Number of protein chains: 2
Amino acid sequence: MSSKKRTTIYDIAEKLNIAPSSVSRALSNSPLVKEATKKLILKTAEELNYKINTIASNLRKGQSNTIGVIVPRINQNFFADVIAGIEEASYRQGYNLIICQSNESYEREVQCVNTLINQQVDCIVVSLSVETTDYKHLESVLDRNIELIQFDRVAENIETLKVLNDNHQASMEAVSHLIEQGYKRIALLEGPQNLNIFRKRKEGYLDALKNHGLPVIEELMLANAWTTELGAEATRKLLSLPQPPDAIFASTSDFAALGVLQVATEMNFKVPQQLGICGYSNENFTEITNPSVTTIDQHSVYMGKTIANLFLDELKNTDTSVAPKTVSIKPKLIIRNSTLKNGK
Amino acid sequence: MSSKKRTTIYDIAEKLNIAPSSVSRALSNSPLVKEATKKLILKTAEELNYKINTIASNLRKGQSNTIGVIVPRINQNFFADVIAGIEEASYRQGYNLIICQSNESYEREVQCVNTLINQQVDCIVVSLSVETTDYKHLESVLDRNIELIQFDRVAENIETLKVLNDNHQASMEAVSHLIEQGYKRIALLEGPQNLNIFRKRKEGYLDALKNHGLPVIEELMLANAWTTELGAEATRKLLSLPQPPDAIFASTSDFAALGVLQVATEMNFKVPQQLGICGYSNENFTEITNPSVTTIDQHSVYMGKTIANLFLDELKNTDTSVAPKTVSIKPKLIIRNSTLKNGK
DNA sequence: ATGAAAGCGCTAACAC
DNA sequence: GTGTTAGCGCTTTCAT
């Protein structure tokens with residue numbers, strides 16, 4: 001390959017015997033340039049196959065038109081959906097996305113933040129890794145006046161824009177639904193309690209029991225059951241109890257619920273008659289398992305769009321005092337066969 | 001928020017009364033700087049909370065350490081996995097990813113390419129939209145000496161690095177497996193034939209029939225059945241034929257296979273006894289449908305890593321004549337209950 | 001309406 | 001080892 005130099009505004013200026021500044025103005029469609037000149041410049045740019053050097057432009061302008069996104073894993077449906085939503089909404093406004101995955105590692109999350117700061121991104125969107133309990137890296141973002149938006153897994157005490165699902169409410173609804181279907185010994189599969197989402201879901205579970213006058217049974221609450229395997233393992237334990245539960249709320253994820261379903265089938269528990277199952281996230285497979293699994297939809301693509309719009313609105317806002325507002329999106333309980341003991 | 005200026009190497013230089021170039025050298029750990037000076041500079045940088053401005057650095061160096069990725073949709077398992085793989089492998093080498101989605105639109109794909117060129121990315125990784133039949137935008141990438149890697153959905157005539165699955169081979173294996181299980185009237189759900197992947201899969205189907213001396217039956221080959229809905233619709237047509245097929249190969253995707261399974265269940269065809277079903281992609285749900293669905297695993301995360309490594313290797317390659325090599329990854333047939341008429 | 005010139009923050013010759 | 005200087009490609013005053 002030849003390494004011919006790329007065309008710059010100077011090449012165009014030289015060719016037309018005008019000043020680079022005029023070329024720059026014409027290319028950004030400034031009204032200060034005569035129509036005829038503008039036409040000529042645009043035509044020449046086309047001919048010389050000119051493309052703007054966004055890096056140079058950004059350096060000069062002191063902003064990057066870039067949003068950085070940090071998620072635990074790109075290839076989890078929920079996060080992929082949110083990213084798709086962010087991309088969709090920000091794309092139109094000329095923003096690009098730089099994507100990083102923390103792989104659920106705190107150390108790597110910190111590195112991602114640094115990379116994005118170095119890249120001069122205008123905004124950082126983050127959902128925390130499971131390991132993250134220290135938030136200095138988030139504060140350093142704020143110190144630099146970079147817009148910070150936390151979503152889903154957030155540090156509640158760090159004052160930033162936040163986009164959340166109402167996990168407490170969703171969880172309460174799910175458990176109430178189970179109770180209304182006649183389930184009485186409802187087990188809970190919990191996730192790591194340092195993450196707000198799992199804490200809220202547990203609280204919702206407890207509140208639902210309380211509201212319906214049901215006792216809290218310690219042996220029915222199992223920590224750290226947030227993968228298919230861990231869900232299966234927990235279920236094996238639960239179903240071997242002298243008094244096994246008659247329903248399991250896999251508050252961590254549908255993957256955990258899947259583990260529950262597998263073990264239930266394996267141990268010949270009839271779902272939903274002997275065992276009700278409810279998951280979380282509305283992964284696509286929940287619709288097609290046998291029986292289909294009741295779960296909670298998080299409106300994930302919409303969540304992504306909300307995040308992007310929040311940032312874009314903030315930009316328009318000339319007011320310097322940014323109120324660190326929280327947008328709460330109400331998840332939707334999707335009732336399917338795995339909890340329909342009574343029919344409906 | 002105050003709009004305090006960010007620290008630059010000049011701030012550090014001034015504070016220590018040394019030249020900015022020395023600061024720059026120290027920060028990039030150049031051996032040309034005395035250890036003592038280096039220590040001092042690093043310490044001061046830390047104190048002043050200095051972060052490099054990657055944009056300025058990139059502009060100066062004439063490269064961006066960025067890889068641009070264009071996929072039809074971020075939130076499809078296959079693409080999300082590939083991206084995760086690319087990210088994982090390139091991250092270590094200090095590369096960032098800019099992600100764009102074409103949304104299966106040609107026009108938008110062209111825009112994505114332009115954005116990435118403007119961003120001075122070092123490499124563009126692309127999987128084509130279903131609408132793309134003109135490749136000028138790809139050629140313009142090559143003209144600029146930007147590394148171009150096509151994967152999965154590629155323009156075969158454009159000479160670039162390519163990473164592909166062997167769709168022909170995989171398809172042949174799948175259909176041969178069906179034949180060996182005793183299925184005789186095997187239907188094909190096809191995808192748009194302008195995409196290489198769907199052409200190859202159809203060829204594989206035809207070759208497998210030929211190799212086993214089975215006739216090609218036109219009414220059993222249905223075009224454009226590449227979503228759950230279209231797959232379902234096609235299946236309804238097929239199963240209503242005077243002589244319905246005894247197996248359906250949803251060569252387009254597991255989503256199409258899902259549509260097949262739903263309609264089969266609905267119309268009381270016993271799977272796999274009366275109807276064999278084979279999908280494509282090994283989506284996570286294929287394992288847990290009832291019955292589980294035979295499919296083809298594309299090693300998607302590995303594919304992403306391969307793409308990244310291909311680019312990184314090319315960098316080391318001082319040889320200017322880049323051979324436009326093609327890496328073919330052999331997909332794996334995953335045999336499950338939906339095709340096990342005979343048992344196994 | 002156009003041009004001249006400065007400078008965004010960094011790196012890399014080139015000097016000493 | 002360290003300093004001086006120029007310049008990556010662009011935008012934006014400030015003149016005219």
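Lettering follows sequence order; numbering is per chain, from 1. Computed from a predicted model, the values in this text were never measured in an experiment.
Which of D:dG1, C:dT2, C:dC10 sits closest to the side chain of A:Val33 comes down to C:dT2. For A:Thr37, the side-chain atoms get nearest to C:dA1 when compared with the rest of D:dT2, C:dA1, C:dA12.
A side-chain donor-acceptor contact under 3.5 Å links A:Ser129 and A:Thr132. Side chains of B:Asn103 and B:Glu109: no donor on one and acceptor on the other come within 3.5 Å. For B:Ser64 and B:Gln120, the side-chain atoms include no donor-acceptor pair closer than 3.5 Å.
One atom, CZ of A:Arg25, and another, P of C:dA4, lie 11 Å apart when rounded to the nearest Å. The CD1-C1' distance, from A:Ile9 to C:dG3, rounds to 13 Å in whole Å. When rounded to the nearest whole Å, the span between OH of A:Tyr10 and C1' of D:dA6 equals 13 Å. Rounded to a whole Å, the CG atom of A:Leu32 is 18 Å from the P atom of D:dT16. A straight line from CG of B:Asn17 to C1' of D:dG3 spans 12 Å, rounded to a whole angstrom. At whole-Å resolution of the value, CG in B:Asn58 and C1' in D:dC10 are 15 Å apart. Between A:Asn118 atom CG and C:dC8 atom P the separation is 19 Å, expressed in whole Å. At whole-Å resolution of the value, CZ in A:Arg6 and P in D:dC10 are 11 Å apart.
Place A:Ser22 and A:Leu59 on DNA chain C by their nearest nucleotides, and A:Ser22 ends up nearer the 5' end. DNA chain D is contacted by both B:Lys38 and B:Ala56; B:Lys38 maps to the nucleotide lying nearer its 5′ end (nearest heavy atom per residue).
The shortest distance between the side-chain N/O atoms of A:Ser21 and the OP1/OP2 oxygens of C:dA5 is not below 4.0 Å.
Within 4.0 Å of A:Thr54, counting heavy atoms only, lies no atom of the nucleic acid at all.
Between A:Gln119 and B:Asn96, the shortest heavy-atom contact is NE2-OD1, 3.1 Å.
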